[in-house]
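Here is how names work: the chains are called A, B, and so on, in the same order as the sequence lines, proteins then strands, and each is numbered from 1. Just so you know, these numbers come straight off a predicted model, no measurement behind them.
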Amino acid sequence: MQNVLTRDNLLKWAPLLVLLALVLFFSVINPNFLSLRNFARLSISASPALMVAVGVTFIIIMGSIDLSMEGAVSALAVIFCYLLVWLGGSVAGLGCIAIPAILLLGAIVGAINGYIHVKLRIPSFMSSLAMGFVGTGAAVLMTGGNIVKIDDEVFRSLLTYRLLGFPLMAYVAFAFLLLGWVIQSYTRLGRNFYAVGGGEDLAHASGVHVKRVRVLGFALAGFFFSVAGLLQVAKLGQAESVTGANLMFISITSVVVGGVALWGGIGGVWNALVGVLIVAVINNGMIVIGIPDFIQDGLLGLLVIVAVVLSTDRRSVAFVK
Amino acid sequence: MYEMQKIEKKFPGVHALKAVDFQVKRGEIVGLVGENGAGKSTLMKVIYGAYAPDSGKILKDGKEVRFGSPIKALEAGIGMVFQEQSLILNLSVMENIFLGNEAQFRRAGLINWKAMADAARKQLKKVKLDIDPSRKTSSLSFAQRQLVELAKVLTLEERVQGDLVILLDEPTSVLAKEEVELLFGIIRDLTKRASFIFVSHRMDEVLAISDRIYVMKDGAVVDVVAKGKATIEDIQHKMVGRAVNKEYYRERRQKPYDESRVLVELDGVSLPGRVRDISFKLHAGEVLCLVGAEGSGREGIVRAIYGMITPTVGSLKIKGKPLQQTTPRFAAEAGVGYIPRERKVEGIVSGMNVFENMTLSQQQRFSKGGVLKIAAEKALARDWIKKLAIKASSENADCGNLSGGNQQKVVLSKWRSGGSDIMLLDHPTRGLDIGAKEDVYEMVRDMSDDGAAILLVADTFEEAIGLAHTIIVVKDGKMQKRFDYKPGAKPEPYDLLHHMV
């Protein structure tokens, strides 16, 4: 206890320190950054990304990766909109069925994704990327390239209704984050993610049903992707084939920047939260201090590399592939 | 030509090399023998530069040398042919031969493949191997790969000044008899180019090829035998040396086992690979030890009982029933616990803490509806930390940071706390210091007292003899000999060795 400034401790808290430093930096340059209005705006852009990041965190803890999020979110968002319209157009009525239906569908799609990876023995990187393209294709097919609009006041209240200045969707995202934390820390499934990521052979030798854990992990990720899809619809009031665009880069970098190790076994959903906030703050901060948007992407890429260097322990990895 | 004087090497808790003197003359083939743990591999590592000695001198061609790494040793003309073949299988033969050494064929940044192929052919000729140097290494037989590896080391001849010393670590372990003859012919022929150090478990081969033989025991050279001056028996006696200290292995605590309760039964079991026709019964309270050389098939038998390998023929019953499916999950459910040799790979998950590791195999018992009972897990872990005196700051400590002995205790408590009563111990004391070893022996006796059956693959003969009720000698995948003993009437290590080689 005497020595708080150990290397391990520093590494553990580095992502949070990076986040605080960034907030401080942008606030000094433009005091408007540090306002409730700006933070509310930030939370809106971060909420769907957070859900994707939480989902993919479980997969990365297992030492795998899921790249299907863009296609999955687009397809699920589009299906949700059609379903809602077909069920009467409002979640206040029959349309409320659409929400659990989409969550279930997301889990099923994820399970299929995981099943393909495990049964056909395709690296998760490839199988999930391919499934993502299938999702995007399906979204285009369903919409014919058009936009599906939703004008249900009740559902849109996720964005419009404010509680203490923050929109409802921020609270919803936080609730699901807590759910993710419970799964991670208090369930067998969560424990087994770490066992598989930390030592797959050992987990197998200890009687853990590794394949089932993997499939369930992808199903769980799919579930969180569907939450992200719902929040995207609430945020934009519409769905189309590019609803999920950009979520891949943001979510994966968030998870890594937050301190979840890509080789598995280390990190958790709180790291995902900090990572998402870092990326969101960088994005938002660059707008607030007025950096031209064509430079923003490049800077974001560079900052991600810096953040990874600062926030992860790469000593234990002999080779980086 | 090459000389070591008073080489010392210590590791935490182990005095691995004690004032070792070692000498190789020009054109000589020197044999190096010793039991597992006698210090052979440490000595080899010092020779090829992987370890620096704590004290002592190494002379090469009369000059004192110090190697910080294997590359430095290579530059001084000391090469190593590894037991696990170190060729990269998806590269061609010539690329392997000149790996890390391609600069000589580079013209304006590009590799002149023809020049490399010609140079490779020249090297292959030294070992009398007539193959296309552009062939993929994976398409070669084991014997051919061994020769390619030798050819790779022989490139040193052109690269360095002075005489060569080449270390051969168990070069014959994967070869057939005629291939061994061929290899020996080539090695004898090559003595005009280099000196050799030959390390092997096969005593007859060591005797056949070596000019002198160094015998190691407990980190020291106990004798140097000249060619023709000793028989296999003489050397074996020197290898096992002193009498066994009975108390060390808690022999007084050894009790007769319960012959009426058979927990594991193998009947005519053959496994993929070379293991054939294995039959034995393992009883409650019994310690049964499988003895054999590396690669004799001991580990395969252990892994088969744990459901990791499916027998091709024969029946394997655990508590009277065959496994429903041959997977570790069903074996674990039937009460089998496995303590693997590679603690880091298969023993503990290093990112997870003590209690998580302990309950990894028994989550069924510590969860309800998928939700873990963490308080109960922690209580169990605290209980076992106390019971086995595990040195960990708390049940939340990361297992990766514990010492080897304490990691081993965590693995043991993982299975014992789950009620496993068939324990498979594969080299449970490997890499542990003496105190930690005694703890493990104590635990073995405790488990026997509780009526658990123990199948052991021991690190040394002494350990096997000291602990076991029953010893089965395995050679080339077959059961060679069975010994049953009582305390006080145990055999000598020599009796076992006799059946092994």
Fill in the blank from the handout: Taken to the nearest 0.5 Å, the spacing of B:Gln363 CD from A:Ser206 OG works out to 9.0 Å

Practice task
Heavy atoms only, distances under 4.5 angstrom: which of B:Ser367, B:Gly370, B:Gly307 has the most pairs with chain A? Name it, please.
Solution key: B:Gly370

Handout entry: NE2-CZ distance between A:His204 and B:Arg329, expressed to the nearest 0.5 angstrom
Key = 9.5 Å

Problem - A:Leu178, CG: over 12 other non-hydrogen atoms inside 6.0 angstrom - result: yes

Handout entry: Heavy-atom neighbours of A:Lys211 NZ exceed 12 at 6.0 Å
Key = no

Exercise for the section: Could you tell me whether A:Tyr171 atom OH has more than 12 heavy atoms of other residues or ligands within 6.0 Å of it? Expected result: yes

Fill in the blank from the handout: d(A:Thr187 OG1, B:Ile374 CD1) to nearest 0.5 Å is 9.0 Å

Exercise for the section: Give, as side chain, backbone, both or neither, the part of B:Glu333 having an atom under 4.5 angstrom from any heavy atom of chain A. Expected result: neither

Handout entry: Heavy-atom contacts under 4.5 Å, residues 189-197 of chain A to chain B
Key = A:Arg191, A:Asn192, A:Tyr194, A:Ala195

Practice task
Inspect the surroundings of CZ in A:Phe174 and state if more than 12 heavy atoms from other residues, nucleotides or ligands are less than 6.0 Å away.
Solution key: no

Practice task
Check each atom of B:Phe366 against the heavy atoms of chain A and say whether the ones under 4.5 Å are side chain, backbone, both or neither.
Solution key: neither

Problem - Within 6.0 Å of OH in A:Tyr186, more than 12 heavy atoms from elsewhere - result: no

Exercise for the section: Please step through side-chain contact (heavy atoms from CB on, under 4.5 Å) for the pair B:Leu360 and A:Leu202, ending with a clear verdict. Expected result: CA-CA 9 Å; B:Leu360 188 58; A:Leu202 174 83; 4.1 Å; yes

Completion exercise
When rounded to the nearest 0.5 Å, the distance separating OG of A:Ser185 from CG of B:Leu372 is 9.5 Å

Handout entry: B:Gln324 atom CD, neighbour heavy-atom count above 12 within 6.0 Å
Key = no

